[in-house]
Number of protein chains: 2
Amino acid sequence: MLPNDVKNIFRNYIREKGLRNTRQREEILDAFFSAEKHITVEKLFASIKAKNPGIGYATVHRNLTLLCECGLADEMKIGRQKTRYEPKFGQKHHDHLICLKCGRFIEVNDNKIEKLQDKLAELNDFIPVRHKLEIYGICKDCK
Amino acid sequence: MLPNDVKNIFRNYIREKGLRNTRQREEILDAFFSAEKHITVEKLFASIKAKNPGIGYATVHRNLTLLCECGLADEMKIGRQKTRYEPKFGQKHHDHLICLKCGRFIEVNDNKIEKLQDKLAELNDFIPVRHKLEIYGICKDCK
DNA sequence: TTATTATTGATAACAAATATCAATATCAAG
DNA sequence: CTTGATATTGATATTTGTTATCAATAATAA
Ligand SMILES: [Mn+2]
Ligand SMILES: [Mn+2]
Ligand SMILES: [Zn+2]
Ligand SMILES: [Zn+2]
């Protein structure tokens, strides 16, 4: 079961925008926060469809977009792959090590790197807003 | 005019693979190394077509792929944007600051960051192969 | 010069993301 | 609890960027 805070963020966002809550929305929210991180629409759709064959792909897609809008999800594009989504709630920023063999995502954070990035931006008279650091290589299980 | 080394790398690669050199290939090579960095197929195609209306989009695309294969170009995907290509010849690795307003790419390199990345990978029992660091924000001309 | 076959350019096919739309469900108001 | 306005859904069409196809042409080696 997922924290009530998460549900409330979503429900409040929906109400505030004059939208409506639906069975599908609750299902998608639940499934998304229970599923593997960095999931594609396709996979999330499949997992929901297993229990609710009536669900539509477009509905899942649309609601993932909504989840991004209200800050409960982040969209990520890795190379030519399909867009992935990762649930976001009360966790700080992180970067990824991505295994070239098995595709595993390892979440990492290095405060020194983050600080140096800010320095680097400043040095170039550049105001950093967000960043993406991906290290591709071979994970311990694959070597 | 571009260094003869570049032309030779391309020509040698072509010969070694049993391929053939063509007027279009020379044109594309020239145009690519004269054009703005981080260019899309579409833009490169347009710039070539201005002088040679007969050129085909697919030909430009195919040859950019060839250039990547022989190490004279790097492909880069930024979010949902079209694939970009950047010429590569005798220059070391760099990362990018990307302006959210004007789209400008600023090339940067920070050796400390690179070292820390390797450390971070090692700490996770991960063999780094390549990485991508993009810092999005506002460039000095846009703020 | 000739034969072989890689290349080209036009266009078709493909895949992912998004838009469309009629049927349906939500929910505020009475 | 109805009812009416309208947001949502699910099926499918459209769009977009990329890649494949193929007949005509051009590049190379013999
Ligand atoms: Mn993550
Ligand atoms: Mn660059
Ligand atoms: Zn792995
Ligand atoms: Zn700018």
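In this text, all values refer to a predicted model and were calculated from it rather than measured experimentally.
At a cut-off of 3.5 Å, with distance as the only test, no side-chain donor of B/T65 or B/R62 sits close to an acceptor on the other residue. With no hydrogens or angles considered, a side-chain donor-acceptor pair links A/H38 and A/E86 at under 3.5 Å.
Interface remark: the B/R20 side chain does form a donor-acceptor pair with the C/dT5 base, using a distance-only criterion of under 3.5 Å. Judged by distance alone, with hydrogens and angles left aside, B/R62 brings a side-chain donor or acceptor within reach of the base of C/dG9, the pair sitting under 3.5 Å.
Both B/I55 and B/G18 lie near DNA chain C, and the one whose nearest nucleotide falls closer to the 5' end is B/G18. Mapped onto DNA chain D by nearest heavy atom, A/L66 and B/H61 fall at different nucleotides, with A/L66 at the one closer to the 5' end. In terms of position on DNA chain C, the residue among A/E75 and B/I28 whose nearest nucleotide sits closer to the 5' end is B/I28.
In this structure, of C/dT8, C/dA17, D/dA20, it is D/dA20 that holds the atom nearest to the side chain of B/A58. Relative to the side chain of B/T22, the nucleotides D/dT18, D/dT8, C/dT8 differ in distance, and C/dT8 lies closest. With distances taken from any side-chain atom of B/R80 to the nucleotides C/dT7, C/dT18, D/dT18, the minimum falls on C/dT18.
A/R25 has its CZ atom 13 Å from the C1' atom of C/dC27, to the nearest Å. Rounded to whole Å, atom P of D/dG17 lies 16 Å from atom CG of B/L44. Atom C1' of nucleotide D/dT18 and atom CD of B/Q81 are separated by 16 Å, given to the nearest angstrom. Between B/R11 atom CZ and D/dA27 atom P the separation is 14 Å, expressed in whole Å. One can place NZ of A/K82 at 15 Å from C1' of C/dT18, the figure rounded to the nearest angstrom. Between the CG atom of B/N21 and the P atom of C/dT8 there is a distance of 9 Å, given to the nearest Å. Rounded to an integer number of Å, the gap from A/Y57 OH to C/dT20 P is 18 Å. Atom-to-atom, CG of B/L64 to P of C/dT7 comes out at 15 Å; the value is rounded to the nearest Å.
Note on A/N63: a side-chain N or O is less than 4.0 Å away from OP1 or OP2 of D/dT9. Note on A/T83: a side-chain N or O is less than 4.0 Å away from OP1 or OP2 of C/dA17.
For the atom pair CD1 of B/I98 and CE of B/M76, the computed distance is 5.5 Å after rounding to the nearest 0.5 Å.
Taking Ile, Leu, Val, Met, Phe, Trp and Tyr as hydrophobic and joining them when side-chain heavy atoms fall under 4.5 Å apart, one finds A/L116 in a cluster with A/L97, A/I106, A/V108, A/I113, A/L120, A/F126, A/L133, A/I135, B/L97, B/I106, B/V108, B/I113, B/L116, B/L120, B/F126, B/L133, B/I135.
Between A/K101 and A/C142 the shortest heavy-atom distance is NZ-O, 3.5 Å.
Within the 4.0 angstrom heavy-atom criterion, base atoms lie near A/T59.
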